[in-house]
Amino acid sequence: MEITISGPDNFNFKRTALSHGWYDLPPFHLDNETWTLTRVIDLHPNRPVTATIRGDRTSIRVSVARKLGKRASAKVIRDARHMFRLDDDMTSFYESVRHHPEFRWIAESGAGRLLRAPTVFEDLVKTLCTTNCSWALTSKMVAALVGALGAKTEDGRGSFPTPESMASVDETFYREEVRAGYRAPYLKELAERVASGTLDVESWLESDLPTPALNREIRGVKGVGQYSAENLLRLVGRYDGLALDSWVRAEFAKKHNGGRKASDKKIARSYKRFGEWSGLAFWCDMTRNWISGDEDGGKW
DNA sequence: GCGTCCAGGTCTACC
DNA sequence: GGTAGACCTGGACGC
């Protein structure tokens, strides 16, 4: 069955699917020849389903292999809207970038909606797996989690593990199977806190806390430092942090500093003019070339 | 084949 | 509050 969901003005399926590395981590998979994003959607307590998602500048089309009931369909629609940020209001961000000629392409191409997982828990676990290692290792860790602990679809894919399933295995599993190294106790502790209800990470989506206070709360999770907290804040819709890591620092050096390393203060100064949107303007600037203007259907 | 470096960092002890 | 050193893994690189 296929479900079509209308996108907001200025929506761009390709820019969202390829907005950052998540498209490459299971249970996401992007075929960028056909521009099809595959995603396993959890329908707990029922079996998860593989969704293939295509889209354009106006909508996304979600296909699933089996016929779904009302409740399951609603869950698929909710997750798709959430992952593609279809309900995010980008008006003020686009107004802000339009004042700067070299950033105008962002509004014209509909960039800035960052792909995210259906749950904050998944985004947080994945963020922990990106720290202090190569992307290849991140990919390996996430694939091991999904392969070993995810519920299986009819076609043999795995969903992202629930906090309960991650809490049910011991630290040795994270060291020896996931190859998470020193991150093993962090993953175990996070899963236990979420599964037991002592930490509600999903509440961060709607939190009334000012961003600095929410940042402090997120950093209360073992293994989450400045980069990880700011990365997660972007995924819950707060964009004032730059989430500086070695990749973006190198990218900024290449693009704007003649290949020389720039101080973090200098990077921050370059995007300060965007205020609460500075982290998003920065990220879009760093990833502009991930998609060409032609493919975007953009005018820039 | 082996050693070293470092990648989409964070924690802790110490000053 | 600032900083050095330790922490896991695995691919890239030089020799």
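Here is the naming used below: chain letters follow the sequence lines, and residue numbers restart at 1 for every chain.
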Roughly, in whole Å, what's the span from CD in A/E177 to C1' in C/dG10? 17 Å
Taking 5' to 3' order, which nucleotide of DNA chain B is first and which is last to have an atom within less than 4.0 Å of a heavy atom in chain A? B/dA7 to B/dT12
Does A/D123 use its side chain to pair, donor to acceptor, with the backbone of A/A117 at less than 3.5 Å? yes
For the pair A/F103 and A/H100, name the ring-plane relationship: parallel under 30°, tilted 30 to 60°, perpendicular over 60°. perpendicular
Sugar-phosphate, base or nothing in reach of A/R249, heavy atoms under 4.0 Å: nothing
C/dG10 phosphate, OP1 or OP2: any side-chain N/O from A/K140 under 4.0 angstrom? yes
Just by modelled atom types, is the A/T16 backbone N or O under 3.5 Å from a matching donor or acceptor in the A/S19 side chain? yes
For DNA chain C, what are the stems built from at least three Watson-Crick or G-U pairs in a row, each pair having both distances below 3.5 Å? B:1-7 with C:9-15, B:9-15 with C:1-7
Length of the OH-P vector between A/Y186 and C/dA6, whole Å: 15 Å
Only counting residues at least two apart or in another chain, list the ones meeting side chain to side chain contact (heavy atoms under 4.5 Å, CB included) with A/K222. A/Y186, A/E189
By nearest nucleotide on DNA chain B, pick out whichever of A/W283 and A/K222 is the more 5' one. A/W283
Once you measure the plane-to-plane angle for A/F13 and A/F84, does it fall in the parallel (<30°), tilted (30-60°) or perpendicular (>60°) bin? parallel
Specify the separation, in whole Å, of atom CG of A/N132 and atom P of C/dC7. 13 Å
Atom-to-atom span, CG of A/L137 to P of C/dA12 - whole angstrom: 13 Å
A/M141 CE to C/dT9 P, straight-line distance once rounded to whole Å: 10 Å
